[in-house]
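Accompanying notes for the structure given below.
It should be emphasised that the depicted structure is a prediction, and the values quoted were computed from it without experimental measurement.
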Amino acid sequence: MSVSGSEIISADLSGLRAQFPILSQKVHGKPLVFLDSAASAQKPDVVIDGMARMMRSQYANIHRGLHWMSERSTEAYEAARTRIAEFLGAEFREEIVFTHNSTEAINLVAYSYGSLINPGQAVLISEMEHHANLVPWQMLRDRAGIELRVAPITDSGDLDLDAYGELLADGKVALVAITHMSNVLGTITPAHRLIEMAHAVGAKILLDGSQAVVHRRVNVRELDADFYTFTGHKLYGPTGIGILWARRELLDAMPPFMGGGDMISSVTFEKSTWAPIPAKFEAGTPAIVEAVGLGIAIDWVEAIGFDAIAAHEAALTKHALNVLSEVPGLSVVGQPRHRGGVISFTMDDVHPHDIATLLDRNGIAVRAGHHCAEPLMRRLGLTATARASFAVYTTEHEIDVLASTLRRIRQFFV
Amino acid sequence: MSVSGSEIISADLSGLRAQFPILSQKVHGKPLVFLDSAASAQKPDVVIDGMARMMRSQYANIHRGLHWMSERSTEAYEAARTRIAEFLGAEFREEIVFTHNSTEAINLVAYSYGSLINPGQAVLISEMEHHANLVPWQMLRDRAGIELRVAPITDSGDLDLDAYGELLADGKVALVAITHMSNVLGTITPAHRLIEMAHAVGAKILLDGSQAVVHRRVNVRELDADFYTFTGHKLYGPTGIGILWARRELLDAMPPFMGGGDMISSVTFEKSTWAPIPAKFEAGTPAIVEAVGLGIAIDWVEAIGFDAIAAHEAALTKHALNVLSEVPGLSVVGQPRHRGGVISFTMDDVHPHDIATLLDRNGIAVRAGHHCAEPLMRRLGLTATARASFAVYTTEHEIDVLASTLRRIRQFFV
Amino acid sequence: MDENSLYNTIIVNRSRAPLHAGVVERATRLGQGTNPLCGDRVRLSVRTEKEEIENLLHETRGCAICIASTDLMAEAVTGRTVADALDLARQFTDMLENGSSMVETADAAMPDALRAFLPLRTHRSRLRCATLPWTALEEALDHD
Amino acid sequence: MDENSLYNTIIVNRSRAPLHAGVVERATRLGQGTNPLCGDRVRLSVRTEKEEIENLLHETRGCAICIASTDLMAEAVTGRTVADALDLARQFTDMLENGSSMVETADAAMPDALRAFLPLRTHRSRLRCATLPWTALEEALDHD
Ligand SMILES: Cc1ncc(COP(=O)(O)O)c(C=O)c1O
Ligand SMILES: Cc1ncc(COP(=O)(O)O)c(C=O)c1O
């Protein structure tokens with residue numbers, strides 16, 4: 001590339017924003033500044049229109065229909081699966097399981113793969129997990145007598161690799177489940193290293209990619225991961241759809257999670273046998289239109305390109321760290337080595353909820369609270385933070401508006 | 001009402017059909033005759049547009065957001081819950097749990113309520129269950145050593161109430177799980193009676209309403225049911241959304257099914273406590289837009305009214321039974337006492353798959369196969385049937401086209 | 001700035017320097033309210049004498065809305081009977097949650113200071129912050 | 001009626017009166033294919049002699065496409081070597097699933113009768129009906 005990513009994006013950006021009609025709304029009479037994309041991203045026109053078009057012209061239930069509409073629906077659904085397999089660099093399209101969201105994908109692994117883990121073995125998570133990658137393992141621990149270990153983080157917000165190594169050392173860890181990017185600190189974890197270290201002691205590893213896939217190209221084969229999960233609505237796609245990727249031989253060996261239509265090979269009252277993957281894990285009518293919507297979102301993301309996306313977000317994040325550090329009383333939470341476009345902060349003793357509400361009255365949407373990561377908050381000695389997060393449609397100007405409004409809020413309170 | 005239901009519908013029908021652009025498509029050069037609504041219904045414009053509008057103008061993740069967009073999204077999502085509670089006649093809106101589909105709703109009960117059932121107790125299903133209301137109970141049986149009993153049906157396709165009573169008699173049945181309407185035979189089961197009999201021996205009862213809610217007004221309080229499930233996409237709503245209703249005290253007593261964000265009250269690594277219902281059962285980001293879409297679909301259905309819907313479907317079904325019985329070699333499968341707008345049939349020894357494909361080449365969409373009810377097929381001595389199913393947008397003319405095309409197919413084969 | 005309508009002077013001042021923080025000696029009733037969503041916590045200690053609230057102090061960890069609401073509640077209920085205070089709790093919650101018409105019909109029982117929270121009605125996710133102390137009050141007064 | 005293109009005379013006739021139904025005596029290989037989706041089941045019995053298929057008969061329960069495909073397969077592979085037959089299995093599946101260009105390049109190895117299934121390519125959900133006997137054949141010939 002002869003031009004830098006940020007140039008490309010500045011050139012493209014107005015075009016991009018025009019594809020998100022919601023971004024030109026006003027909130028409390030002010031232009032919307034949407035800095036809550038890590039909670040859920042807005043959806044480009046092409047995704048919304050694609051879903052509507054399917055429902056208007058080529059919709060029926062899939063798989064078992066022998067008629068034209070059903071075949072067209074099935075094709076669109078299965079093409080989305082192929083698209084997502086390519087997106088993640090999966091070896092086989094059958095390794096892609098459609099779920100409700102990332103949370104369900106992780107629960108599927110905890111119930112199904114979890115049933116193959118023996119009491120006396122352990123699952124290893126980290127101190128910075130989202131509840132989605134924590135509570136399912138607690139529930140497994142309490143259900144099956146499996147030990148739950150927690151790898152600590154350093155004060156800067158990175159995973160403590162030495163401690164991680166020690167927790168793996170006794171060879172009892174059957175499965176590591178760690179975030180690929182923290183939704184609070186923005187930390188991008190050293191996935192290659194974590195995977196190598198897990199595999200060296202014979203442990204499998206799941207990466208929660210809910211945040212990571214939005215910001216960086218992920219290739220599960222290159223990473224050599226065992227399980228990878230993400231969620232559609234954060235990747236500019238619809239709600240109600242998530243992805244579990246796992247190695248074929250793992251999925252083959254795992255018992256089904258839910259029972260119902262389409263996941264069986266044959267059923268008698270005495271005994272049922274299971275369909276081959278991925279059907280084995282997709283009981284009942286899937287989120288057909290949403291899967292197709294996610295496929296469109298991924299096409300859209302890839303058309304922009306992760307080089308441009310990463311460059312844009314890196315530039316925004318750098319700018320944000322700069323201007324926010326100049327706001328009196330503001331502290332950014334965490335200084336991880338590698339970070340994505342998510343910044344948590346506190347401001348003197350103005351409560352994060354007051355910050356969020358006051359920003360909202362100025363049209364600025366940020367999130368405040370424990371961000372579904374209570375144990376991490378406790379580790380940081382906080383009960384809550386405010387969090388600004390960036391997407392491809394975020395502009396430098398929006399970050400400047402955030403910073404100047406934060407200054408005014410502080411004056412108002414102090 | 002001074003006019004009969006069918007008059008109302010004939011008057012309304014052209015207007016109704018215009019709300020479903022997909023119905024004016026051509027398939028293999030012929031006008032589409034869509035008789036596969038029991039697999040999944042088409043969606044009226046107002047649902048498609050409503051979902052698109054939400055994504056275009058008022059979307060963000062719900063619950064934890066303190067900003068305007070999040071509050072509007074939350075309101076819309078929770079208003080849909082209220083709407084569905086009214087639709088089912090639930091006493092409390094908190095009794096409505098959003099799930100992925102009916103299948104997930106039943107699996108939720110099998111995992112969560114199932115964990116409260118003791119080995120030695122039994123679950124009672126029927127011979128005409130969809131796999132969605134069969135396989136989860138088999139999995140529970142195999143997981144937890146709970147007995148699985150199966151109530152037989154009569155040759156006409158009704159539930160055998162005497163046998164049902166006998167299976168309940170020893171008081172070991174903790175939970176009955178039975179369909180409210182068969183997706184194969186069209187049988188509407190005598191829910192009041194089934195519930196009374198179950199309660200008389202202290203058993204709880206779940207009704208699988210996936211088909212029933214489409215055709216009749218259901219009032220869970222009047223029925224005095226304990227659990228009720230249905231699925232959005234069959235009720236003119238979107239894919240990716242389903243409903244579990246259960247009595248508050250049952251939901252209160254049940255452990256969570258999946259772990260993750262929003263379903264907790266507090267989390268430490270040692271222990272988590274659960275949020276009040278319904279949040280306890282809604283881990284992670286729900287299908288926000290789809291829930292809102294389902295709410296709109298229900299408004300739409302109620303605007304037509306179940307009196308008119310039932311009258312229309314009764315008239316269509318009567319007409320269909322008449323004209324189909326005159327097709328040489330055709331046998332309708334099942335003569336249940338009460339039936340909804342679903343008719344399964346076979347024709348001499350023309351295989352149902354060949355029937356379906358040949359109908360498809362004439363633009364007519366029916367389903368053929370075991371309809372996710374293999375054990376029922378075995379009971380009927382069949383491997384497959386063809387099935388035509390009707391919706392509010394179905395016309396008598398379409399049924400006539402079906403019948404005349406079936407005649408031609410038979411001539412062709414015999 | 002226009003957020004004055006919500007974060008008005010009395011709310012901001014009371015949150016920064018509450019007048020009724022502390023623990024009542026020889027308290028006859030205790031109440032606690034927590035909001036797991038945000039970690040807010042209100043602890044109340046109350047001394048009642050013949051069904052009258054003689055003294056009420058609080059220890060509150062939370063946002064400005066929560067601290068100010070607790071402090072203004074303490075002021076509003078001190079000197080009232082238990083029944084009266086519980087009434088006010090219901091009215092306050094009602095005013096915010098259901099937008100009861102009380103706003104217009106200047107209800108004598110509702111101190112003006114408490115009306116400061118009315119703009120919250122357009123920030124429903126924050127309602128709990130203002131009603132939390134009242135939940136704690138109900139706990140303290142109901143259970144004796 | 002226009003479905004002739006798919007259900008042509010040979011397919012309909014063979015499905016109604018298959019010419020190769022039955023069980024081979026002194027069979028050297030057996031194969032079975034089932035499609036759990038629709039309950040179709042194909043059972044093959046084969047007698048091979050020095051890697052040549054001397055005789056192949058079938059018992060098939062299924063739709064017209066499946067029965068006709070099995071019967072026409074029996075005809076097409078009898079007399080071929082095992083290697084040849086397996087080749088044809090791959091070509092047939094390929095023709096339907098991937099729409100291989102074989103259609104145009106009149107491949108000498110592909111009997112005309114088997115081309116009757118080409119219209120199935122626009123009914124992908126029925127492909128399994130036509131390929132099921134070939135799966136059973138692979139099972140019979142691969143495992144010895
Ligand atoms: C009676 C019955 N139960 C359950 C289901 C499952 O519904 P879903 O696939 O939407 O979970 C269906 C639909 O296929 C059905 O007809
Ligand atoms: C790191 C991480 N993991 C998991 C999740 C859960 O995603 P979902 O709610 O879509 O299941 C989220 C988003 O909230 C997240 O940020």
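Among the candidates I241(B), L32(B), V27(B), L108(B), the residue making the largest number of heavy-atom pairs closer than 4.5 Å to chain A is V27(B). Interface summary for chain A: among V289(B), L148(B), V150(B), the most heavy-atom pairs under 4.5 angstrom belong to V150(B). With chain B as partner, the option from S266(A), A356(A), G242(A), G369(A) having the largest number of non-hydrogen pairs under 4.5 angstrom is S266(A). Most heavy-atom pairs under 4.5 Å with chain B: of the set T357(A), I364(A), D49(A), this distinction falls to D49(A).
Contacts of V267(A) with chain B are made by both backbone and side-chain atoms, with heavy-atom separations under 4.5 Å. Neither the backbone nor the side chain of R72(A) comes within less than 4.5 Å of any heavy atom of chain B. With a 4.5 Å cut-off on non-hydrogen atoms, M69(A) touches chain B through its side chain but not through its backbone. Using a 4.5 Å cut-off between heavy atoms, V47(A) does not touch chain B at all. Heavy atoms of E129(A) lying under 4.5 Å from chain B are absent altogether. Looking at H353(A), both its backbone and its side chain come within 4.5 Å of chain B, counting heavy atoms on both sides. Heavy atoms closer than 4.5 Å to chain B are found in the backbone of T99(A), but not in its side chain. With a 4.5 Å cut-off on non-hydrogen atoms, N133(A) does not touch chain B at all. Proximity to chain B (any heavy atom under 4.5 Å) is restricted, for A41(A), to the backbone atoms N, CA, C and O. Of the two parts of R378(A), only the side chain, counted from C-beta on, holds a non-hydrogen atom closer than 4.5 Å to a non-hydrogen atom of chain B. Neither the backbone nor the side chain of E71(B) comes within contact range of chain A; no heavy atoms are under 4.5 Å apart. Only the side chain of I125(A) comes within contact range of chain B, judged by heavy atoms closer than 4.5 Å.
The distance from atom OG of S40(A) to atom CD1 of I62(B), rounded to the nearest 0.5 Å, is 10.0 Å. Here the CG-NE2 distance, from N362(B) to H67(A), works out to 14.5 Å after rounding to the nearest 0.5 Å. Between atom CD1 of residue I22(A) and atom CE of residue M54(B) there is a gap of 8.5 Å, rounded to the nearest 0.5 Å. Note that the CG atom of L66(A) and the CZ atom of R367(B) stand 7.5 Å from one another [nearest 0.5 Å]. Atom-to-atom distance recorded for I48(A):CD1 and I48(B):CD1 is 14.0 Å, nearest 0.5 angstrom. Distance check, rounded to the nearest 0.5 Å: NE2 of H233(A) to CE of M55(B) gives 13.5 Å.
Of the possible donor and acceptor atoms, none in the side chain of N101(A) sits under 3.5 Å from a partner among the backbone N and O of P286(B). Between the side chain of N61(B) and the main chain of A39(A), a donor-acceptor pair closer than 3.5 Å is present. Side-chain atoms of Q138(B) come within 3.5 Å of backbone N or O of F269(A) as a donor-acceptor pair. Side-chain atoms of Y111(A) come within 3.5 Å of backbone atoms of F257(B) as a donor-acceptor pair (strictly under, hydrogens ignored).
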Problem set entry | Derivation and outcome, side-chain contact (heavy atoms from CB on, under 4.5 Å), residues D45(B) and R56(A) | CA-CA 8 Å; D45(B) 267 338; R56(A) 280 219 164 80; 3.0 Å; yes
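With contacts defined as side-chain heavy-atom distances shorter than 4.5 Å, the pair H100(A)/M258(B) does not qualify. In this structure, I264(B) and E374(A) have side chains that are in contact, with non-hydrogen atoms separated by less than 4.5 Å.
S57(B) and Q25(A) form no side-chain donor-acceptor contact under 3.5 Å, judged by distance and modelled atom types alone.
Between G261(B) and C372(A), the shortest heavy-atom contact is CA-SG, 3.8 Å. Nearest approach of G260(B) to P136(A), heavy atoms of both residues: N-CD, 4.5 Å. For the residue pair A60(B) and F34(A), the shortest heavy atom distance occurs at CB-CE1, 4.1 Å.
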